[in-house]
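Here is the structure we will look at, set down as structure tokens.
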Amino acid sequence: KPEAQAGDFEATFGCSDPAFSIINSDEVKLQVKILDAERNIASPEDLRLAAQYPVGHFKLTNDIDMSGENFDGIGSEAQPFIGSFDGQGHKIKNITRRPSGKKTGALINVSKGATITGVGLENVDIENIDQDIAGLVAYSQNDNISLCYVTGRIKGNDHVGAITGASHGSTIKNCYVNATVETAAYQAGGITGTADATVFENCYVAGSVTSSTQATEWFYRAGGIIGLTDGPDCTLTGIVSLASVSSPVSGKFLSMADNASCALTAFTNCLYDEGNEAVSRNEESAATNAYELSDSYKDSPRKKAEDAR
């Protein structure tokens with residue numbers, strides 16, 4: 001039996017897909033090696049197969065129309081997507097999903113340490129009443145996402161975004177969004193609903209970002225780029241916010257940071273549409289995590305309306 005090499009990982013699932021090599025078996029735990037061979041995706045059937053076996057190096061070789069096709073998304077909490085997904089400039093159109101449960105994306109549900117590039121998602125329509133809902137990746141951890149775009153409609157209840165629902169330690173570069181992003185309650189953002197330790201660079205967002213709740217409490221939040229930073233070390237560089245934003249607490253870039261340690265680390269060369277000013281609301285002024293009302297930028301993701309943060 002060959003020894004496991006760097007790049008191997010352990011998982012508690014088994015499959016007969018030829019893209020996997022079973023290296024060793026010990027107490028029902030299989031060691032699976034990610035093969036260097038590419039797995040081409042040219043049809044809806046190929047995309048469904050990728051969802052069944054969410055490990056490897058995938059390449060889109062055609063535009064794909066998912067109209068009328070059942071698709072459960074790639075990866076899950078138990079079996080996150082690991083590897084790479086290269087769209088090669090192709091697009092996937094008309095993914096419609098009405099899933100239940102957390103962490104559901106139009107394309108990828110959960111990914112960890114993946115590289116996702118060159119993918120266009122057009123006219124997505126995803127709606128879920130739960131948390132971590134997105135167009136591209138619902139729950140992204142330590143991923144590199146670049147040269148991707150999303151159009152369509154994304155609706156959830158919490159942590160809702162067009163590129164990611166929640167981003168932890170990921171990098172999002174050279175992407176754009178022209179979509180309707182809506183939360184029925186909490187944290188929605190044009191790119192991501194929530195973020196920590198995430199790099200945002202050279203992206204733009206158009207369309208709308210909305211919290212549709214009729215309540216006015218401070219924890220109902222929507223941001224043109226990020227709904228909420230819930231951890232430290234997020235940076236925005238070269239970001240353009242063109243989306244209309246509507247929520248009890250809103251900002252053209254960032255609605256709110258969870259506390260002072262979650263303030264943006266860098267905010268550089270970012271632009272917004274002056275004709276679509278976000279409204280600053282002060283219901284949260286008595287809250288311990290409402291430091292955005294401070295006059296100091298270091299403690300303030302959005303100081304005042306004219307800053308349009």
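For this chain, numbers begin at 1 and follow the sequence in order.
- Residues V205 and S241 are not in side-chain contact: their nearest non-hydrogen atoms beyond the backbone lie 4.5 Å or more apart.
- In plain terms, the two heavy atoms of F200 and A195 that are nearest each other are CZ-CB, 3.9 Å.
- Partners of N157 according to the side-chain hydrogen bond (donor to acceptor under 3.5 Å, both in side chains) rule, which considers only residues two or more places apart in sequence or in another chain, do not exist here.
- The nearest pair of heavy atoms linking T198 to G169 is OG1-N, 3.8 Å.
- Residues I64 and P44 meet the side-chain proximity criterion, which asks for heavy atoms closer than 4.5 Å.
- With hydrogens and angles ignored, the 3.5 Å screen pairs a side-chain donor or acceptor of R98 with a backbone N or O of D125.
- Here the options are V181, T194, D132, I126, the test is side-chain contact (heavy atoms from CB on, under 4.5 Å), and the partner is V160; only V181 passes.
- Minimum interatomic distance between Q79 and Q52 (heavy atoms only, all atoms of both residues): OE1-O, 4.5 Å.
- For T104 and N128, the side-chain atoms include at least one donor-acceptor pair closer than 3.5 Å.
- S247 contributes no side-chain N or O that, together with a main-chain N or O of S250, makes up a donor-acceptor pair within less than 3.5 Å.
- For the pair L254 and F267, the minimum side-chain heavy-atom distance is 4.5 Å or more.
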Between K102 and D130, does a side-chain contact (heavy atoms from CB on, under 4.5 Å) hold up when you go through it step by step? CA-CA 5 Å; K102 298 179 180 180; D130 221 311; 3.1 Å; yes
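- Considering all non-hydrogen atoms of both residues, A50 and I41 come closest at CB-CD1, 4.1 Å.
- Here the side chains of D258 and D196 are not in contact, with every heavy-atom distance at 4.5 Å or above.
- A side-chain donor-acceptor contact under 3.5 Å links K252 to the backbone of A243.
- Between D65 atom CG and I95 atom CD1 the span is 10.0 Å, to the nearest 0.5 Å.
- Nearest heavy atoms, S246 versus A222: O-CB, 4.1 Å.
- Between the side chain of T192 and the backbone N or O of G161 there is no donor-acceptor pair closer than 3.5 Å.
- Two residues are said to be in side-chain contact when any heavy atoms from C-beta on lie closer than 4.5 Å; F71 and R48 meet this criterion.
- The neighbour count for L147 CG, taken as heavy atoms of other residues, nucleotides or ligands under 6.0 Å away, is above 12.
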Assess the residue pair I92 and M66 against the criterion (side-chain contact (heavy atoms from CB on, under 4.5 Å)); give the C-alpha distance rounded to whole Å, side-chain angles, the decisive distance to 0.1 Å, and a yes or no. CA-CA 7 Å; I92 303 172; M66 296 296 289; 3.7 Å; yes
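- L228 approaches A257 most closely through the heavy-atom pair CD1-C, 3.8 Å.
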Test side-chain hydrogen bond (donor to acceptor under 3.5 Å, both in side chains) on T164 and S140; report intermediate values, then the result. CA-CA 7 Å; T164 63; S140 172; 5.9 Å; no
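- If you check the side chains of S84 and D86, you find no donor sitting under 3.5 Å from an acceptor.
- Judged purely by atom type and a 3.5 angstrom limit, T229 uses its side chain to pair as donor or acceptor with the backbone of C262.
- Separation of the F58 and F81 ring centroids falls under the 6.0 Å cut-off.
- The closest side-chain heavy-atom distance from H90 to K59 is not below 4.5 Å.
- With hydrogens and angles ignored, the 3.5 Å screen pairs no side-chain donor or acceptor of T151 with any backbone N or O of A179.
- Taking Q88 as the reference, nothing meets the side-chain hydrogen bond (donor to acceptor under 3.5 Å, both in side chains) condition, with sequence neighbours excluded.
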Tabulate below the donor-acceptor pairs under 3.5 Å that side-chain atoms of residues 107-121 make, not counting sequence neighbours, or state none.
from : atom 1 : to   : atom 2 : distance (Å)
N109 : OD1    : R97  : NH1    : 3.0
N109 : OD1    : G105 : N      : 3.0
N109 : ND2    : D72  : O      : 3.0
N109 : ND2    : G75  : O      : 2.9
S111 : OG     : D143 : OD2    : 2.4
T117 : OG1    : S146 : O      : 3.3
T117 : OG1    : S146 : OG     : 3.0

